[in-house]
Amino acid sequence: MDMEYCAAAEQQLSKLRQHMFVLALCSSPAAMAGALEGVACVYEHAESMARSARADQVDAELEASVALLDACAAARDALGAMRACALTAEAAVRRRDGAAADRAARACARLAKRACADARRQRRRAGGSRPSSSEHKAADGGAHALQEARRLTMSVLERVAAALSRRVAVAGGGATQPANGWSTCVARAFRKSARVACEATLPSLPSKDDTQDGGEAALRVQREMRALGDTIQHLEDGLELLFRRLVQCRVFLLNMHSC
């Protein structure tokens, strides 16, 4: 039965590699969520994979699981902070507070960049590089599946962080916007509003088109922020499921280690 579940795990690993390929080409919310779901599906078979591993392989994976859990928790915390910034920015846009919206947008962009750097550092710490041919031959069955799952999990976390950072960078501004494009878009949305306020002190009143354009720009930014917040929430849900599966995997490894 364990061999059957290990074969199922290998099939999930194959599907996960396909998700990784799609994620490398596309940073859509569906691609990011699909990659996280693929990792979680692999760890559904963690117990059977652990049972078919040797004692020394179990010990190695048990030690490596600490860094894996830390990386997942760090990614989850980073996304939570980014979503909070997105909600703050959306609320600021709604009440036409351009300065507060700009601060929140810049904070979100900084958090996204930091998440990318943290994911790279966590992957190196967890030993997320591809095993050499000799290691591949030495590993067998569930042990190899666990090793491959760990490597792909770290890669998924890193690529999701990078994809989300790109989404933050271009939100509301298109792919040609610079890294602070979201903040630039926020500032642009309120530029006409500020000019209209200044012109209101003059005898001539602002035109209807100016007021309408400024309002439409603000609404567009507000929609972008709401969509970004929804995307982050979806990814947080995926990370929460993955974190629970990783905890279960570590429990299986601890039980085998103590036997």
Side-chain angles (χ1 to χ4, degrees), residues 19 22-40 71-119 122 156-193 213-244:
H19 282 301
V22 173
L23 186 58
L25 299 176
C26 174
S27 59
S28 70
M32 290 186 280
L36 288 174
E37 182 181 356
V39 175
C72 187
R76 186 183 55 181
D77 292 344
L79 262 63
M82 290 173 63
R83 184 165 59 88
C85 286
L87 292 175
T88 299
E90 181 189 351
V93 172
R94 190 182 304 116
R95 64 177 184 270
R96 297 295 189 266
D97 187 344
D102 183 66
R103 285 194 300 270
R106 291 180 183 275
C108 191
R110 287 194 299 269
L111 286 168
K113 288 184 177 180
R114 190 182 307 162
C116 286
D118 288 346
Q122 294 282 3
V156 165
L157 292 176
E158 183 178 9
R159 292 194 184 187
V160 165
L164 189 58
S165 180
R166 289 193 299 271
R167 180 170 171 80
V168 170
V170 304
T176 59
Q177 283 291 91
N180 64 343
W182 195 37
S183 178
T184 301
C185 187
V186 170
R188 185 180 300 152
F190 289 96
R191 192 172 298 153
K192 284 189 176 183
S193 297
D213 289 347
E216 288 179 354
L219 286 174
R220 185 166 58 251
V221 173
Q222 189 176 340
R223 286 194 296 268
E224 286 285 347
M225 292 173 180
R226 186 180 302 115
L228 181 63
D230 291 343
T231 295
I232 294 174
Q233 176 67 69
H234 194 37
L235 295 177
E236 281 186 279
D237 294 341
L239 281 171
E240 183 63 33
L241 175 61
L242 175 58
F243 186 80
R244 291 199 301 268

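These numbers were taken from a predicted model, which means no experiment stands behind them.
- Pairing each heavy atom of A101 with each of A92, the nearest pair is N-CB, 3.4 Å.
- The structure places CD of Q122 at 11.0 Å from CD of E158, a figure rounded to the nearest 0.5 Å.
- Nearest heavy-atom pair, A161 versus A119, reported as atom, atom and distance to 0.1 Å: CB-CB, 4.2 Å.
- With hydrogens and angles disregarded, a donor-acceptor distance shorter than 3.5 Å links the side chain of T88 to the backbone of A84.
- Heavy atoms from other residues, nucleotides or ligands lying under 6.0 Å from CD of E37 number 12 at most.
- A salt bridge links E90 with R94: at least one charged nitrogen is closer than 4.0 Å to a carboxylate oxygen.
- Within 6.0 Å of the CZ atom in R114, the count of heavy atoms belonging to other residues, nucleotides or ligands does not exceed 12.
- Under the 4.5 Å side-chain criterion, counting only non-hydrogen atoms from C-beta, L219 is not in contact with V93.
- Of all the heavy atoms in L228 and C108, the pair that sits closest is CD2-SG, 4.3 Å.
- For the atom pair SG (C116) and CZ (R166), the distance works out to 8.0 Å, reported to the nearest 0.5 Å.
- D102 and R106 are joined by a salt bridge, as a carboxylate oxygen and a charged side-chain nitrogen come within less than 4.0 angstrom of each other.
- Salt bridge E236/R83: present, at least one basic N to carboxylate O contact under 4.0 Å.
- Counting only N and O atoms by type, the side chains of D237 and Q233 include a donor and acceptor under 3.5 Å apart.
- We find the CG-CG distance between D77 and L111 to be 11.5 Å, quoted to the nearest 0.5 Å.
- Looking only at side-chain heavy atoms (C-beta outward), L164 and M82 come within less than 4.5 Å of each other.
- Heavy-atom minimum distance, I232 versus L79: CG2-O, 3.1 Å.
- Here CD of Q222 is found 11.5 Å from CD of E224. Values are rounded to the nearest 0.5 Å.
- In this structure, the side chains of L157 and L239 come closer than 4.5 Å at one or more pairs of heavy atoms.
- Among all heavy-atom pairs drawn from M32 and V160, the shortest one is SD-O, 3.8 Å.
- Here the straight-line distance linking atom SG of C85 with atom CZ of R103 works out to 11.5 Å at 0.5 Å rounding.
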